[in-house]
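Here's the structure we're looking at; comments come further down.
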Amino acid sequence: MKVFTTLGREKKEFVPQEAGKVKMYVCGVTLYDECHLGHGRAYVAFDVMRRFLESRGYKVIYVQNFTDIDDKIIKKSQEEAKEEKEIPGKIKEIVARYKEAYFRVMDQLNIKRADIYPCATDHVSCMIEMVGKLVEKGFAYEKGGDVFFSVEKFPSYGKLSGKNLEELLPGARVGKDEKKKNPLDFVLWKSAKPYEPSWDSPWGKGRPGWHIECSVMSMEYLGETLDIHGGGEDLIFPHHENEIAQSESYTGRPFARYWIHNGFVKISGEKMSKSLKNFFLLRELLEEFDPRVLRLYLISTHYRNPLDFQIENIKSVANSWQRIEEACLKAEEMLGGEKVEKLPATLYFKNFQQAMEDDFNTPRALGALFDLVGELNRRLSRGEKDAETFSLYGDLKEMLDILGFPLPQREHLSPELEKLIQQREEARKNKNWAEADRIREILKSKGILLKDTPQGTVWRRF
RNA sequence: GGCGGCGUAGCCAAGUGGCAAGGCAGCGGCCUGCAAAGCCGCGAUACCCCGGUUCAAAUCCGGGCGCCGCCUCCA
């Protein structure tokens, strides 16, 4: 299978370091606010990659961090706290609040939990150790309680983002910091300000810079070289560039084999972001849409392409999902009780797999899925309960599982409603259409839609 | 200014040298007591524009136009 890596901007054959094992690290969120659709897109994308790799037999170790100490969190705590001494407690509260909110929406989207969710504040001593080593080795320097990484000491600085130091300097909107030798040097350790959380270090009280946490935590749990390091494309520079610089200076080895970055969600052409205030919160979208519909919407564009959000488009995807769900329910009704041996993978499944093997091409994979749905429907409408039909249904379930969709389940109706349906059957037998329609209306008002099929009447919620 | 990306039917979206996947919406038909679902059929003589290479280009090359991202925190 081929995977596009940002480092070199090319599709590369996917070969993990250890056969059969994939070490995957995805940059998580900073716990200072709720997640919007953009976050959903990123984590759904990586969830699908993980699920597909697992379906190919890889043992995937998935690590995703939480940033629980950072300027924005501190700022929020200052806004919410009444007195300065409340700040530390407030930070804990904020971090807990948004972590909970994170899981609430991501669980709804059926995103598999990571194997480990390390938090920055639990790894400060390791960060101090790494920063110390970088100073010792001459890659970093201390100035007034801050420690900076010296980008000039890392010759290949810029290799991920396709930039170089000469180009970066002139147009750089880099804030001037008198302490920095080079404006592009980035902070590894920040000296503490009053009432900010801080840790003791060889450079005095302070806290870690942002980039260092991912280097330390990924190496802690996955070793010096990751197979996949992922995140949103806005993290390419400076975050991931800086991670490479500090990690590779520290270990002398490549930091990650494949750098995977997802494209943005845009709102009428512009990036969805907190600062533009044009974001849609997942919590709110999930109040309006079925999480499976949202997931389908998010994977209907290739993960590297921009996704221009329009509420109307989600609505049309809701209809697409109906088609899939309807096929599953119908197949379950017809085949559920049957025992037929499944044949090897159908052509549709092979096409699906091929699409996924080509840099996780979910739109193409969905094409194969819908092709299968069409064939399955044809067979079901002919009442063919043979091995071929059974296999199609089996493959469909497999595809849905790989894409992370919970399988549509048949529900049960209350006995009263079941009785109504039986009464209607009687009425229909007697060609009492008025009564039949009356009962159908009653059920409709309760959100139940009846469908009279050659195999009998079935119902659906709508 | 530097680097990167996007522009395919009404909408969404694959395809990156050889007759333009798939989904939604729409139209006609079959099925149905009527419906719903499903099935069958119909849609780009053409892929932002202009040149070029080629037997052959949406796909390669050159030049434009429009939009966006990164270069500051950001999935």
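Just the heavy atoms: all of them, side chains too, but no hydrogens, waters or symmetry mates, feed the values below. This one's a predicted model, so the numbers in the text were calculated from it and none came from an experiment.
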Look at all strands and tell whether [X] reaches a base, only sugar-phosphate, or nothing, counting heavy atoms closer than 4.0 Å.
X: A:Gly28; value: sugar-phosphate
X: A:Gly374; value: sugar-phosphate
X: A:Arg378; value: sugar-phosphate
X: A:Arg424; value: base
X: A:Asn377; value: sugar-phosphate
X: A:Gly38; value: base
X: A:Leu380; value: nothing
X: A:Val265; value: base
X: A:Phe237; value: sugar-phosphate
X: A:Lys315; value: nothing

[X], nearest nucleotide to its side chain (from [options]):
X: A:His39; options: B:rA75, B:rG33, B:rC70; value: B:rA75
X: A:Asn262; options: B:rA75, B:rA36, B:rC34; value: B:rA75
X: A:Ser381; options: B:rC39, B:rG33, B:rA75; value: B:rC39

Round to a whole Å and report the spacing from [atom1] of [X] to [atom2] of [N].
X: A:Phe309; N: B:rA75; atom1: CZ; atom2: C1'; value: 16 Å
X: A:Ile236; N: B:rG5; atom1: CD1; atom2: P; value: 10 Å
X: A:Lys76; N: B:rC73; atom1: NZ; atom2: C1'; value: 14 Å
X: A:Lys330; N: B:rA36; atom1: NZ; atom2: P; value: 14 Å
X: A:Leu449; N: B:rC34; atom1: CG; atom2: C1'; value: 13 Å
X: A:Ile228; N: B:rA75; atom1: CD1; atom2: P; value: 20 Å
X: A:Ile442; N: B:rA35; atom1: CD1; atom2: P; value: 21 Å
X: A:Glu425; N: B:rC34; atom1: CD; atom2: C1'; value: 15 Å

RNA chain B contacts among residues 101-116 of chain A, heavy-atom distance under 4.0 Å: none

For residues 392-413 of chain A, which residues have at least one heavy atom under 4.0 Å from RNA chain B? none

Could you tell me how far [M] sits from [N] if I compare only their [atom1] atoms? Round to whole Å.
N: B:rG51; M: B:rA21; atom1: P; value: 27 Å
N: B:rG15; M: B:rA44; atom1: C1'; value: 14 Å
N: B:rA37; M: B:rU16; atom1: C1'; value: 38 Å
N: B:rU45; M: B:rA57; atom1: C1'; value: 15 Å
N: B:rC6; M: B:rC42; atom1: P; value: 33 Å
N: B:rU8; M: B:rA14; atom1: C1'; value: 10 Å
N: B:rG69; M: B:rU53; atom1: C1'; value: 32 Å
N: B:rA35; M: B:rU59; atom1: P; value: 48 Å

Pairing check on [N]: which nucleotide meets the Watson-Crick or G-U wobble criteria with it, both distances under 3.5 Å?
N: B:rU32; answer: none
N: B:rG41; answer: B:rC27
N: B:rC3; answer: B:rG69
N: B:rA58; answer: none

Does the A:Asn430 side chain pair with the main chain of A:Glu426, one donor and one acceptor, at a distance under 3.5 Å? yes

Lys/Arg N to Asp/Glu carboxylate O, [X] vs [Y], below 4.0 Å:
X: A:Glu411; Y: A:Arg461; result: yes
X: A:Asp68; Y: A:Lys92; result: no
X: A:Arg424; Y: A:Asp452; result: yes
X: A:Asp227; Y: A:Lys23; result: no
X: A:Asp146; Y: A:Lys143; result: no

Could you tell me whether A:Lys397 sits above the aromatic face of A:Tyr393, with NZ or CZ closer than 6.0 angstrom to the six-membered ring centre and within 45 degrees of the axis? yes

Within 45 degrees of the ring normal and closer than 6.0 Å to the centroid, is that where the cationic atom of A:Arg292 sits relative to A:Phe405? no

Would you please indicate yes or no on a ring centroid separation below 6.0 angstrom for A:Phe148 and A:Phe186? no

Hey, is the side chain of A:Lys163 poking within less than 4.0 Å of OP1 or OP2 on B:rG4, counting only N and O atoms? no

Measuring to OP1 and OP2 of B:rC3, would you say a side-chain N or O of A:Arg9 lies under 4.0 angstrom away? no

Sort and list the pairs that fulfil side chain to side chain donor-acceptor pair (under 3.5 Å) and have at least one residue in residues 26-35 of chain A, not counting sequence neighbours. A:Glu34-A:Arg283

Could you tell me if A:Tyr157 and A:Asn164 have a donor-acceptor pair between their side chains, going purely by distance under 3.5 Å? no

Write down the atom of A:Asn262, the atom of A:Ala42, and the distance for their closest heavy-atom approach. OD1-CB, 3.4 Å

Please find the pair of heavy atoms, one from A:Asn278 and one from A:Lys271, that lie closest to each other, and give the distance. ND2-O, 3.0 Å

Name the orientation class of the two ring planes belonging to A:Phe66 and A:Phe103 (parallel below 30°, tilted from 30 to 60°, perpendicular beyond 60°). perpendicular

Side-chain donor/acceptor contact of A:Asp452 with base of B:rC34 under 3.5 Å: yes

5′-ward residue of the pair A:Lys274/A:Glu233 relative to RNA chain B: A:Glu233

With RNA chain B as reference, determine whether A:Leu235 or A:Arg440 sits nearer its 5' end, using the nearest nucleotide of each. A:Arg440

Considering residues at least two apart in sequence or located in another chain, which fulfil the side-chain hydrogen bond (donor to acceptor under 3.5 Å, both in side chains) criterion with A:Tyr102? A:Gln64

Could you work out, with ring pair (Phe, Tyr, Trp, His ring centres under 6.0 Å) as the rule, every residue matching A:Phe4, not counting sequence neighbours? none

Any chance you could list the contact pattern along nucleotides 10-23 of chain B? Use B for base contacts, S for sugar-phosphate-only contacts and - for none, protein heavy atoms under 4.0 Å, 5' to 3'. -SSSSS-----BSS

